[in-house]
Structure formats: structure tokens, C-alpha cells
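Scroll down for the structure; my scribbles are underneath it.
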Amino acid sequence: MTSADPFFSFLCFCSDKKMTPTHNPTCPFISADKSPSFPTKNFQIPSAYHLLRPSIHQMVSSSSSSSSSYSSPDTNPIMGILGLGFWVQGFRCFPWMAVNFFLKDGLNVDPSTLQLLQNSANLPMVGKPFYGVVSDSVYISGQHRIPYIVFGAFLQAVSWLAIAILPPSTLSIFCISIFLLLSNLGASIAEVANDAIVAEIGKQPTTSSKRSQSSSSGELQSFVWIASSAGGVLGNLLGGIAITRYSPQVMFFFFGLILALQFFITIAVPESSLNLPKSSSNVGIMKQLSQLSVALKKPEVAYSIAWFAASYAVIPALTGTMFFYQTQYLKIDSSLLGISKVFGQAAMLLWSIIYNQHLKTVPARKLIGSIQATMAVFMVSDVLFVKGFYRNMGVPDTLYVIVFSGLLEVMFFFKILPFNVLIAQLCPPGCEGSLMALVASAIALALIVSGYFGVALASYVGVTGDDFSGFPRALLIQAVCTLLPIYWSSCVPDDKKSTARKKNL
């Protein structure tokens with residue numbers, strides 16, 4: 001459970017990513033003989049978007065038609081901007097794929113150090129509330145969303161291209177860390193602006209009922225979730241293949257070109273063409289902070305965010321230890337780990353479709369609590385896996401890693417989708433960017449705390465790179481901690497739609 005990008009990256013929208021995410025510091029020192037050049041000629045971002053668009057056109061059309069100021073996807077570029085932005089956000093897993101293997105095999109770090117590096121790389125995500133306040137209050141040439149997406153894409157492109165172009169002999173760990181932190185800073189700024197657009201559209205006044213407005217918000221959330229998941233599926237699939245065949249520098253360069261393409265596409269779109277809801281002109285940062293403070297004084301908003309962050313923070317993340325167990329002890333091939341992540345991203349994509357079609361009417365508290373309990377069940381399953389229970393039943397370790405490990409990794413972020421829909425409904429007008437950024441920042445910080453908590457737990461049970469005897473006990477403690485937040489889930493209100501329906505019964 002690393003960045004999420006998705007969330008972040010959630011983180012995140014996910015975070016982080018927020019899977020989202022597995023965003024960790026990476027390094028181009030892996031030998032070129034393991035990684036030759038990566039072919040890019042058969043992949044184009046526009047074709048990926050057009051493949052995605054037909055399957056979701058029907059889903060988003062009702063959201064488009066329900067608003068008098070929201071044009072159809074054929075005339076309004078907002079679906080293209082959001083689709084591309086969230087797709088790139090999901091595809092960020094591609095250049096990060098080689099990180100764990102480099103840290104383990106290239107730098108010979110132990111599991112605890114690996115996890116510390118993984119979580120520390122996400123520190124720029126914690127600043128999302130500040131980026132959101134600036135985005136809401138500081139207009140650039142009369143625009144306050146598009147310029148920030150452009151700037152975020154620019155920072156990321158410069159960072160990845162610099163790592164790709166500079167000779168490996170001139171890149172120190174400190175230098176690479178600076179570039180990666182700068183890349184995460186750009187990703188955070190772009191994600192804040194994209195999330196704010198989604199929140200604004202979700203709150204746009206409609207000519208139909210409030211129930212239709214809530215439905216439209218859920219459909220747009222599902223659309224961007226699908227775009228992010230599609231990027232994650234492709235990124236993990238290509239990354240799993242490239243990690244053993246192509247140079248990391250070429251992978252960085254390829255991703256830098258994608259970011260450059262996003263930069264040029266986005267900068268060519270005037271924000272006025274998006275038909276975003278009109279807000280009061282430039283308001284100062286202090287005024288925006290005041291509006292955010294008013295939103296946080298609403299108990300249903302403050303308590304929901306506090307519970308949601310705590311539901312991540314109290315779970316000790318053991319991703320670094322599990323990675324070592326799978327690769328060092330079980331000798332699982334890196335390509336199979338890539339397939340495992342693809343399976344997880346495909347599950348996220350399927351989850352967004354299922355949520356949009358069948359679960360939008362389920363109360364948020366009930367749905368999020370159910371996901372939390374399911375995570376605990378999967379963690380208990382991990383205990384049986386480490387003890388060899390499934391192996392003795394004839395289930396190959398590789399099958400378990402691909403299916404169950406891949407699913408558990410992304411299940412941490414399943415609850416972000418219904419929670420974002422809930423927060424979008426509760427968010428007062430005028431501070432959408434700030435509040436959604438605060439949510440993303442809270443998740444990012446919670447995931448970092450979770451990672452450090454996992455390091456302490458692994459040390460406590462005596463897990464090292466060569467001794468995994470205490471690992472089952474750590475996983476059992478993790479499962480128990482996952483169940484704890486369910487006991488105070490009353491902090492999360494039912495969404496307005498469900499509440500209204502209950503009153504009518």
C-alpha cells in the first residue's frame with residue numbers, strides 16, 4: 001500500500017493515490033543489459049482515450065444533459081482534459097515499476113529501509129491543501145484550474161526528462177531524490193486542479209432533482225476513476241514487461257514525453273471553454289482559508305475526513321516486507337508482480353463500473369465499512385498464505401500473488417470513490433479545490449504514518465530480509481488494526497441521497 005497516487009495520489013485519489021498506487025523513489029542505475037531500449041511507436045495517448053470513451057459515453061451523457069451549462073462531450077473538452085489528466089495520473093506507475101527491485105538488488109536495502117524510502121517519497125502530497133487554496137483563490141490570466149494542470153505537467157516532464165537525459169554517473173541518490181520530489185510536487189498540483197474540476201461539476205446546478213445531481217456527481221467520479229484505472233492497467237502491464245528488458249532511462253524518457261504531450265494539449269484549451277460554474281472573482285488566500293474553515297466547522301465534514309484518514313493511519317503497512325517475502329523468499333519473478341498489479345488495476349476499473357451501476361444508492365457509511373471489513377479478511381488470508389496453507393492445498397504461490405495480493409493492494413483505495421462522492425455533496429460552494437485537496441492530503445499523510453507504523457511493527461516482530469518467522473504475527477496484528485475503525489464508523493454520515501430516501505419511506 002504505497003502512494004497512491006492513489007491518491008493520491010488519493011491519494012490520494014487515491015491516493016495516492018493513491019496506488020494508488022505505487023509511487024516510490026526510482027533510480028536509473030539498473031544495468032542496461034537488463035533493460036534495453038523501450039519502443040514507443042505503437043502507443044498513443046489519444047487512441048487510449050478514444051478506446052475508453054465509447055464504454056463510458058452512455059454513463060456520462062446523462063450527467064451532461066442534466067445541466068444547462070454543461071455541454072455534451074462532443075463540444076465541451078472537459079471530458080478530454082479530465083480523462084487525459086486522470087489517465088496520466090494512473091499511468092505514473094509505469095516509471096516507478098523498477099524502484100523496489102533497484103532498492104533491493106542495487107542498493108541492498110533491508111525491508112524497513114525500503115518501506116521508509118517508499119513512504120518518504122510521498123511527502124509532497126501532504127501539501128495538497130495549500131495547493132488547493134492557491135488554486136481556488138489565485139487566478140492566472142483569469143483562469144484558476146487549467147494553469148495549475150499545465151504547471152504540474154511541466155514540473156513532472158522536466159523532472160523525468162532530466163533523470164532520463166543526465167548521465168547516470170552524474171546522478172547521486174540525493175540528486176535523484178530532488179527530481180522525484182519535484183515530480184511528485186507537480187503531480188500533486190495537477191491532481192488538486194483536476195479534483196477541483198470534478199467537484200465543481202458535481203455541484204453544478206441542474207434542472208432536475210437533487211437526486212439527479214447526486215447521481216451526476218457519482219457518474220463523473222466513476223468516469224475519472226475509470227480513466228485513472230485504465231492508465232494504471234496499461235502502465236503496470238507495460239512496466240512489468242519493460243522492467244526486465246529495457247533501460248530505466250528510456251522508460252523515464254517515454255513517460256516524460258507523455259507528460260510533455262499533456263502539457264501542450266492542456267495549455268491549448270482555454271478554461272472558458274470548459275463552462276465551469278461561475279464563482280466570485282479573485283478572492284484572497286485568507287478569504288479562501290476562511291471559507292475552508294467554515295466547511296471544516298460542519299461536523300459531518302470534519303468528522304468524515306478525520307475518520308477516513310484514521311482508517312488508513314491505524315493500519316500498519318507491510319508492503320515492503322511482503323515485497324521482500326515474495327521476491328527474496330518465494331523467488332517470484334518481477335514480471336508476475338507486474339501482472340499482479342495489472343490485475344489489481346483491472347479490479348479498480350471493474351469496481352468503478354460496479355459502483356456506478358449498482359452501488360451509488362448504498363449509504364456511504366455502510367459501503368465504506370464493508371470494504372474495511374473485506375480488507376481485514378484478505379489480510380487474514382495473507383497469514384494463511386505466508387504459513388503455506390494454500391501451498392499445501394495445491395494452490396501455486398504465483399496464482400495467489402497475482403490474484404489476491406494484487407486485489408488487496410488496490411482494495412485500500414476502493415473506499416475512496418464513495419467517500420469522494422460523499423464529500424463532493426457535503427462541500428460548500430467556493431472551496432471545492434481546497435476541501436478535496438485537504439482530503440487527498442489527509443490520506444497521503446495517513447498512508448505515510450501507516451508506512452512508518454509498519455516499519456515499527458516489522459522491527460517489533462523481528463522480520464528481516466532473511467528471517468520471516470515473525471511475519472504471520474505481523475499480518476495478524478495488521479488485520480486486527482484494520483477492523484478497529486469500523487467501531488467508530490458513525491462519524492461518516494449517510495449521503496444526502498440515502499438520507500432523503502429514508503425520510504420518504
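Atoms considered below: every heavy atom in the structure, side chains included; atoms not considered: hydrogens, waters and symmetry mates. Keep in mind it's a predicted model, so treat the numbers as computed, not measured.
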With heavy-atom distances below 4.5 Å as the criterion, would you say the side chains of [X] and [Y] are in contact?
| X | Y | answer |
| --- | --- | --- |
| Ser159 | Leu180 | no |
| Leu296 | Ile305 | yes |
| Ile416 | Phe308 | yes |
| Leu234 | Trp87 | yes |
| Pro147 | Ser141 | no |
| Ser489 | Ile368 | no |
| Leu475 | Met379 | no |
| Ile443 | Tyr312 | yes |

Does any donor atom in the side chain of Trp160 or Ser183 lie under 3.5 Å from an acceptor atom in the other side chain?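 Distance-only check passes for Trp160 and Ser183.
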Which pair of non-hydrogen atoms, one from [X] and one from [Y], has the smallest distance, and what is that distance?
| X | Y | answer |
| --- | --- | --- |
| Met375 | Ile315 | CE-CD1, 3.9 Å |
| Val88 | Ile258 | CG2-CG2, 4.2 Å |
| Met125 | Ser188 | SD-OG, 3.0 Å |
| Tyr131 | Pro124 | OH-O, 3.0 Å |
| Gln478 | Leu318 | NE2-N, 3.8 Å |
| Phe94 | Met251 | O-CE, 3.3 Å |

Rounded to the nearest 0.5 Å, what separates atom [atom1] in [X] from atom [atom2] in [Y]?
| X | Y | atom1 | atom2 | value |
| --- | --- | --- | --- | --- |
| Ile265 | Leu261 | CD1 | CG | 4.0 Å |
| Phe254 | Phe91 | CZ | CZ | 5.0 Å |
| Ser311 | Ile486 | OG | CD1 | 10.0 Å |
| Leu426 | Leu435 | CG | CG | 8.5 Å |
| Ile477 | Leu457 | CD1 | CG | 5.0 Å |
| Ile140 | Ile146 | CD1 | CD1 | 11.5 Å |

Backbone N/O of [Y] and side chain of [X]: donor-acceptor pair under 3.5 Å:
| X | Y | answer |
| --- | --- | --- |
| Gln156 | Asn184 | no |
| Thr482 | Ala376 | no |
| Ser340 | Gly406 | yes |
| Asn356 | Ser352 | no |
| His144 | Val138 | no |
| Thr327 | Phe323 | yes |
| Glu300 | Pro493 | no |

Let me see the working for Phe263 and Ile149 under side-chain contact (heavy atoms from CB on, under 4.5 Å), right down to the final yes or no. CA-CA 8 Å; Phe263 170 83; Ile149 299 176; over 6 Å; no
Leu237: which residues meet the side chain to side chain contact (heavy atoms under 4.5 Å, CB included) condition with it, sequence neighbours left out?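 Checked Leu237 against side chain to side chain contact (heavy atoms under 4.5 Å, CB included); matches are Val342.
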Quick one: side chain to side chain contact (heavy atoms under 4.5 Å, CB included) partners of Phe378, sequence neighbours excluded?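 Result, side chain to side chain contact (heavy atoms under 4.5 Å, CB included) vs Phe378: Thr374, Phe404, Leu407, Leu408, Met411.
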More than 12 non-hydrogen atoms from neighbouring residues, nucleotides or ligands closer than 6.0 Å to CZ on Phe253, yes or no? no
Is Tyr452 atom OH crowded by more than 12 heavy atoms from other residues, nucleotides or ligands, each under 6.0 Å away? yes
Yes or no on side-chain contact (heavy atoms from CB on, under 4.5 Å) for Val192 and Tyr148, after CA distance, side-chain angles and deciding distance? CA-CA 8 Å; Val192 164; Tyr148 293 96; over 6 Å; no
Only one of Tyr460, Phe324, Tyr325 passes ring pair (Phe, Tyr, Trp, His ring centres under 6.0 Å) with Phe471; say which it is.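 Single ring pair (Phe, Tyr, Trp, His ring centres under 6.0 Å) partner of Phe471 among Tyr460, Phe324, Tyr325: Tyr325.
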For side-chain contact (heavy atoms from CB on, under 4.5 Å), just list the numbers for Ile78 and Val269, CA-CA rounded to whole Å, side-chain angles, deciding distance to a tenth of an Å, and then say yes or no. CA-CA 9 Å; Ile78 195 168; Val269 177; over 6 Å; no
Does the side-chain contact (heavy atoms from CB on, under 4.5 Å) test come out yes or no for Leu337 and Gln326, once each step is laid out? CA-CA 9 Å; Leu337 294 183; Gln326 292 173 350; 3.3 Å; yes
Can you list every pair that meets salt bridge (charged side-chain N to carboxylate O under 4.0 Å, His left out) and has a residue in residues 222-236, with sequence neighbours left out?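 Every candidate salt bridge (charged side-chain N to carboxylate O under 4.0 Å, His left out) pair involving residues 222-236 fails, so no pair, neighbours aside, qualifies.
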